[in-house]
Amino acid sequence: MADLRAPRGMHDVLPEDSPLWRHIRRAAERTAARYDYHEIITPIVEDESVFLRAVGAESDIGSKEMYSFEDRGGDRLALRPEGTAGVVRAYVEHGMASRPHPLRFWYFGPFFRYDRPQAGRYRQLWQFGVELIGDPTPAADVEVMDLQRSFYAELGLTDLTLRINSIGTPETRRRYVEALREHLAPHVATLSKDSQRRFETNVLRILDSKDDAGHPAVQSAPAIVDYLDDEDSAHFEAVRGYLDALGIAYTLDPRIVRGLDYYTRTVWEFEPPEAGGQSTVGAGGRYDGLIQLLGGQPTPAVGFGSGIERIAINLRDRGLAEAIEVVPVDAVTIPLGEAGPTAALKLASRLREAGLLVRNGTPGRSLKAQLRSAGNSGARYALILGDGEAAEGTVQLKPLAAEGDQRALPVADVPAALKRTP
RNA sequence: GUGGGUGUGGCCUAGUGGUUAAGGCGCCAGGUUGUGGCCCUGGAGAUCGGGGGUUCAAGUCCCCUCACCCACCCCA
């Protein structure tokens with residue numbers, strides 16, 4: 001066992017895993033472009049207060065899952081635990097309020113949460129997310145949901161279920177929490193230990209409890225949608241109408257409550273059909289209060305974040321990861337003798353300028369060893385260059401994964417011979 | 001933070017308390033001087049996660065610890 005290893009909960013993406021990641025990233029880029037979203041790249045580190053104000057110092061993320069530290073100048077900084085706060089900070093800092101609204105952003109990058117690792121949960125995780133800022137209409141919520149749906153569909157994940165809920169305003173939640181507490185109070189003693197704890201700390205979470213899912217008091221609990229005011233109700237109604245019009249299937253789930261403080265009104269999650277532990281692939285919601293919270297003008301906004309690792313897990317589970325195309329090597333040079341290495345270097349360079357994908361062989365190894373390694377690389381051709389070939393300006397073109405017989409040909413003719421036939 | 005499971009070369013695995021820890025995959029080399037894939041031969045590579053203990057003897061039993069996996073919790 002190596003004594004040096006990646007930090008706990010953090011993973012290397014090895015070259016053999018990269019094609020899958022690139023595949024996902026490209027799907028994200030293409031989807032965002034189709035909806036006219038623009039990439040924003042914010043620092044991986046922010047002032048700690050950016051996150052504390054956004055996610056709430058009381059939330060788990062804010063209170064115990066942040067990688068916070070003091071830099072040499074004494075500033076309190078933190079590795080970003082999520083994407084929205086940084087985007088909103090940039091929006092406010094750069095005075096984007098004066099740009100024509102709405103504004104559409106997307107991001108793709110690593111995030112950090114100090115949490116105990118398990119399946120689908122990592123201390124460094126990657127997310128693709130979008131933010132639509134300055135559009136208060138229900139159509140904006142649905143545009144973002146539809147973008148997310150389209151992203152998954154492009155990857156072949158067409159069986160995810162969309163669950164939605166509305167959690168209204170902070171005021172709605174306050175009233176609802178009160179009602180919920182009142183409803184559950186007589187039954188606290190019969191709930192699980194975790195739920196008893198949550199009764200004090202975070203009542204909403206009881207609705208999410210695995211242990212108490214079948215508990216009569218939990219099943220008969222009031223739903224937050226019944227506590228929405230007229231405007232929030234109308235908004236949610238409209239969201240559902242648009243989803244229906246688009247033919248996007250969804251289920252109402254009154255148990256989606258959210259750990260982050262900044263969400264308002266519509267919240268949603270995409271989950272695989274056989275939902276297990278860390279199964280949510282991506283989740284989003286409206287956050288009409290956040291921009292003001294971070295020092296901007298009151299501005300409505302909506303967005304989602306989606307975990308790349310969880311997407312990768314789902315693609316692998318469904319056998320969708322193998323189908324990803326890897327561009328094959330066109331040729332491998334095989335230098336032999338005294339003059340081979342120079343000739344190989346020159347030919348390889350020339351072929352690459354012609355747009356071909358060429359691996360240069362390692363001088364000094366036997367022909368047999370070089371051919372073996374060339375064959376394993378999946379290359380279409382081997383280009384054998386020894387003293388004889390160098391002297392007469394030719395090369396032995398040997399098909400490996402391609403059709404045909406080996407033949408000698410002038411170096412100048414190689415680019416044409418290697419041209420891929422479509 | 002809580003609970004359960006698992007740690008043997010790069011990977012997968014074998015190994016009733018008893019010589020130098022075995023095999024497969026992979027890697028390297030060779031099977032005559034320049035021709036891959038199949039086959040054959042050889043080689044490199046493991047202080048059996050780490051530390052303590054029991055024993056004449058520990059990969060094997062006990063304790064501690066670390067890591068990974070899984071679940072809770074939490075979250076996207």
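Throughout, protein chains are lettered first and strands after them, A, B, ... in sequence-line order, and every chain is numbered starting at 1. Everything quoted here is computed from the prediction, not taken from an experiment.
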| task | Sticking with atom C1', work out how far B:rG37 lies from B:rU33, rounded to a whole angstrom. | result | 23 Å
| message | Rounding to an integer number of angstrom, what distance separates B:rG24 and B:rC56 when you compare their P atoms? | response | 38 Å
| Atom pair distance, as rounded to whole Å: CZ in A:Arg198 and C1' in B:rC75 | 13 Å
| query | Just checking, is any N or O donor in the side chain of A:Thr394 or A:Glu389 under 3.5 Å from an acceptor N or O on the other one? | reply | no
| task | For the pair A:Glu65 and A:Arg121, evaluate salt bridge (Lys or Arg N to Asp or Glu O under 4.0 Å) and give the outcome as yes or no after the intermediate values. | result | CA-CA 13 Å; A:Glu65 292 181 7; A:Arg121 186 165 78 188; over 6 Å; no
| request: Determine the Euclidean distance between corresponding C1' atoms of B:rG17 and B:rC73; express it in Å to zero decimal places. | output: 42 Å
| field | Closest-nucleotide 5' rank along RNA chain B - winner of A:Glu269 and A:Arg197 | value | A:Arg197
| said: Base, sugar-phosphate or nothing for A:Arg8? Non-hydrogen atoms, less than 4.0 Å. | reply: sugar-phosphate
| query | In whole angstrom, what separates A:Ile206's CD1 from B:rC73's P? | reply | 12 Å
| query | Just checking A:Gly282: base, sugar-phosphate only, or nothing, at a heavy-atom cut-off of under 4.0 Å? | reply | sugar-phosphate
| request: To the nearest Å, give me how far apart OH (A:Tyr114) and C1' (B:rG1) are. | output: 10 Å
| task | Name the pairing partner of B:rC61, where a pair is Watson-Crick or G-U wobble with both distances under 3.5 Å, or state none. | result | B:rG53
| query | Using the C1' atom in both, what is the distance from B:rU20 to B:rG15, to the nearest Å? | reply | 16 Å
| request: Tell whether A:Arg116 reaches the base of B:rG3 with its side chain through a donor-acceptor pair below 3.5 angstrom. | output: yes
| message | Can you check the distance between B:rA14 and B:rU6, where both ends of the measurement are the P atom (answer in whole Å)? | response | 13 Å
| Do the side-chain N and O atoms of A:Tyr176 and A:Asp226 include a donor-acceptor pair separated by under 3.5 angstrom? | no
| Euclidean distance, atom CD of residue A:Glu200 to atom P of B:rC73 [Å, nearest integer] | 18 Å
| said: Tell me whether the count of non-hydrogen atoms from other residues, nucleotides or ligands lying under 6.0 Å of CD in A:Glu338 goes above 12. | reply: no
| request: Check every strand shown and say whether A:Asp115 touches a base, only sugar-phosphate, or nothing at a heavy-atom separation below 4.0 Å. | output: base
| task | Could you verify whether a donor N or O on one side chain and an acceptor N or O on the other, from A:Thr161 and A:Glu271, lie under 3.5 Å apart? | result | no
| message | For a quick test of reading the model: is some side-chain N or O of A:Ser366 closer than 4.0 Å to OP1 or OP2 of B:rG30? | response | yes
| request: Take atom CZ of A:Phe112 and atom C1' of B:rC75, then tell me their distance rounded to the nearest Å. | output: 17 Å
| request: Determine the interatomic distance between C1' on B:rG50 and the same-named atom on B:rC68; round to the nearest Å. | output: 15 Å
| task | Quick one, give me the B/S/- string for nucleotides 33-38 of chain B, reading 5' to 3', where B means a protein heavy atom under 4.0 Å from the base and S means that only happens at the primed atoms, P, OP1 or OP2. | result | -BBBB-
| Base-pairing assignment for B:rG43 (Watson-Crick or G-U wobble, both under 3.5 Å) | B:rC27
| query | B:rC74 C1' sits how many Å from A:Met66 CE, rounded? | reply | 15 Å
| message | B:rC75, OP1 or OP2 - any side-chain N/O from A:Arg205 closer than 4.0 Å? | response | yes
| query | Between A:Gln396 and A:Tyr381, do the side chains contain an N or O donor and an N or O acceptor separated by less than 3.5 Å? | reply | no
| message | Base of B:rC74, side chain of A:Arg113 - is there a donor-acceptor contact under 3.5 Å? | response | no
| Interatomic distance at C1', B:rA44 relative to B:rC61, whole Å | 34 Å
| task | Indicate, with a heavy-atom threshold strictly under 4.0 Å, whether A:Gly9 touches base, sugar-phosphate, or nothing. | result | sugar-phosphate
| said: Applying a 4.0 Å non-hydrogen cut-off, can you work out what A:Ala369 is touching in the nucleic acid: base, sugar-phosphate, or nothing? | reply: sugar-phosphate
| message | Between A:Ser192 and A:Asp194, do the side chains contain a donor N or O and an acceptor N or O under 3.5 Å apart? | response | no
| field | Donor-acceptor side-chain pairing of A:Tyr91 and A:Glu131 below 3.5 angstrom | value | no
| query | B:rC73 C1' sits how many Å from A:Gln118 CD, rounded? | reply | 9 Å
| said: Taking only the P atom of each, what is the distance from B:rA29 to B:rC62 in whole angstrom? | reply: 46 Å
| said: Using Watson-Crick or G-U wobble geometry with both distances under 3.5 Å, which nucleotide pairs with B:rC72? | reply: B:rG1
| For B:rU6, what is the paired nucleotide under Watson-Crick or G-U wobble rules, both distances under 3.5 Å? | B:rA67
| Under 6.0 Å from the six-membered ring centre of A:Phe128 and within 45° of its axis: does the NZ or CZ of A:Arg25 meet both? | no
| Given atom CZ of A:Arg365 and atom P of B:rG30, what is their separation to the nearest angstrom? | 10 Å
